[in-house]
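Accompanying notes for the structure given below.
Please read all numbers here as calculations on a predicted model, not as lab measurements.
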Amino acid sequence: MGKVSGQPWKAHEAEADHHGRDVLHLYFMVADSANEGIDVLAGDLAAALQKMIYMLDDRSTGNRKKAALQDEHAFYEAVRGEASLHLVSCGTADLFGITPVTRAAGRMVQLVSDTRSVERLQQRCAELPAATVLAYEHMLNLLAAKPAALRLEWTAPSGEQAAAELSIEELQRACAMINEVTVTEEHFPVKGTLTMLNPAKRTFHMVGEDGQSYKGRLSDSVRQQYGKEREAPMLPVKAEAVMERRTTLQVCVQIKSFADTLIELDTNIGLDVQETYYTMQELYERLDIYLDSDDSDFIPRLAQSLAAYAELAPLLDELAASPPAKGAHGRLEAADLMEALDLLAPGRPISRLVQFSEQLLPAHETGEYHGGSAAQASQRKHSDKLSQYFTAAYANHTRLLKLLVAMIHALE
């Protein structure tokens with residue numbers, strides 16, 4: 001692309017020297033069929049160029065207030081031609097002929113010059129901050145959308161000047177390199193707690209057991225599965241899911257972005273294996289305490305066991321009602337669970353022992369049996385009756401403990 005400047009270099013040099021300002025002149029040439037919207041391109045290109053000059057200043061990464069620094073890097077549009085822009089820096093030169101934008105403007109011209117070589121551009125992208133590379137990508141994409149060739153001329157008040165050109169072919173090669181992305185997909189299971197599910201908006205949020213947070217989109221199948229009101233789970237709820245993670249890597253800046261899609265979801269996963277294990281182990285220890293106890297502490301120990309029975313029965317009921325192949329239920333032998341439930345069923349010896357003991361214990365706790373001879377006789381009668389119930393339930397109690405041991409081992 002040859003120089004198509006409407007003003008000679010000497011005129012730019014004289015303007016820069018006279019006003020003490022940096023001068024930028026842009027020429028962009030588009031195909032005849034792409035003239036529509038040329039004014040929009042000119043305006044967008046001027047804004048993109050000013051942002052680049054700001055970001056190419058070393059001070060833009062410091063602690064100085066960005067607003068003040070951006071003001072220093074501002075240019076005003078002096079002239080707009082049919083396919084050109086003439087920009088002049090707002091800041092003026094010091095005694096050495098250097099304005100606040102002089103160094104960054106020179107770097108901008110050098111960057112455009114380096115863009116003519118894909119290899120050199122790759123090297124520059126590796127040297128520049130990622131945000132600067134992304135800003136330059138935006139500028140190149142503006143030109144490539146037309147497409148438009150570019151010539152950039154710069155003159156400083158000190159007399160320093162430079163120019164760089166990009167043909168349409170060079171621009172397209174540069175865009176292909178700087179826009180390159182790789183996309184990978186992976187599927188992985190997640191166990192955790194579902195905290196948000198919105199089939200209408202196709203969004204979800206889930207927290208894994210390791211504390212990792214997942215949010216994103218629902219697949220069509222999950223949206224249809226849980227879009228009906230009767231299928232909507234009460235949140236939060238423990239769940240198992242399969243995620244599809246789409247990872248996009250912008251190669252030139254090595255920036256990764258992730259997009260998660262929930263492609264499988266199960267909110268009916270049964271009882272948690274570890275929680276059930278610890279609960280059942282604790283109940284076993286409480287039920288085992290009075291088998292070898294002496295008469296003096298039999299009643300207090302029995303009270304603890306009764307409370308354990310009261311917790312064990314609903315736990316086994318919940319296990320039986322949960323999905324057979326999932327969670328803790330899936331680890332257990334069906335026969336063990338069913339036999340344990342049968343041993344605790346109403347009318348069986350353990351149930352009769354529990355019912356009688358629940359009537360007996362309050363009297364011991366209130367001291368009712370410490371009265372006269374009638375109270376003591378009643379105590380002996382109840383104690384004899386308790387011994388009968390205990391003897392009748394002993395075999396079943398022992399068997400229940402063995403079943404609990406088997407289930408605890410299965411959950412390990």
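Not a single side-chain hydrogen bond (donor to acceptor under 3.5 Å, both in side chains) links Gln254 to another residue, sequence neighbours left out.
Aromatic pair Tyr27/His25: ring centres closer than 6.0 Å.
Residues His19 and Thr92 bring no donor and acceptor atom of their side chains to less than 3.5 Å of each other. Side-chain contact check for Asp220 and Gln224: no donor-acceptor pair (N or O, by modelled atom type) lies under 3.5 Å.
Because its NZ or CZ atom is both nearer than 6.0 Å to the ring centre of Phe258 and within 45° of the ring axis, Arg245 counts as a cation-pi partner of that residue.
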Name each donor-acceptor pair under 3.5 Å that joins a side chain in residues 399-409 to protein atoms two or more places apart or in another chain, with its distance.
{"unit_1": "Arg399", "atom_1": "NE", "unit_2": "Glu339", "atom_2": "OE2", "d": "2.8"}
{"unit_1": "Arg399", "atom_1": "NH2", "unit_2": "Glu339", "atom_2": "OE1", "d": "3.1"}

For residues 326-334, run the donor-acceptor check on the side chains, cut-off 3.5 Å, and write out each pair with its distance to 0.1 Å, sequence neighbours left out.
{"unit_1": "Lys326", "atom_1": "NZ", "unit_2": "Asp266", "atom_2": "OD1", "d": "3.4"}
{"unit_1": "Lys326", "atom_1": "NZ", "unit_2": "Asp266", "atom_2": "OD2", "d": "2.5"}
{"unit_1": "Lys326", "atom_1": "NZ", "unit_2": "Asn268", "atom_2": "O", "d": "3.4"}
{"unit_1": "His329", "atom_1": "ND1", "unit_2": "Leu319", "atom_2": "O", "d": "2.8"}
{"unit_1": "His329", "atom_1": "ND1", "unit_2": "Ser322", "atom_2": "O", "d": "3.1"}
{"unit_1": "His329", "atom_1": "ND1", "unit_2": "Ser322", "atom_2": "OG", "d": "3.4"}

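The minimum heavy-atom distance between Thr195 and Leu235, with the atom names listed, is O-CD1, 3.9 Å. The two atoms that bring Arg223 and Pro199 nearest to each other are NE-O, 2.9 Å, heavy atoms only. Listed here is the closest heavy atom pair of Ala308 and Arg286: N-NH2, 3.4 Å. Residues Leu171 and Ala148 share a closest heavy-atom pair of CD2-O, 3.3 Å.
With respect to the salt-bridge test (charged N to carboxylate O, under 4.0 angstrom), the residues Lys215 and Asp260 do not qualify.
The neighbour count for Arg202 CZ, taken as heavy atoms of other residues, nucleotides or ligands under 6.0 Å away, is above 12.
At least one donor-acceptor pair closer than 3.5 Å links the side chain of Arg107 to the backbone N or O of Leu56.
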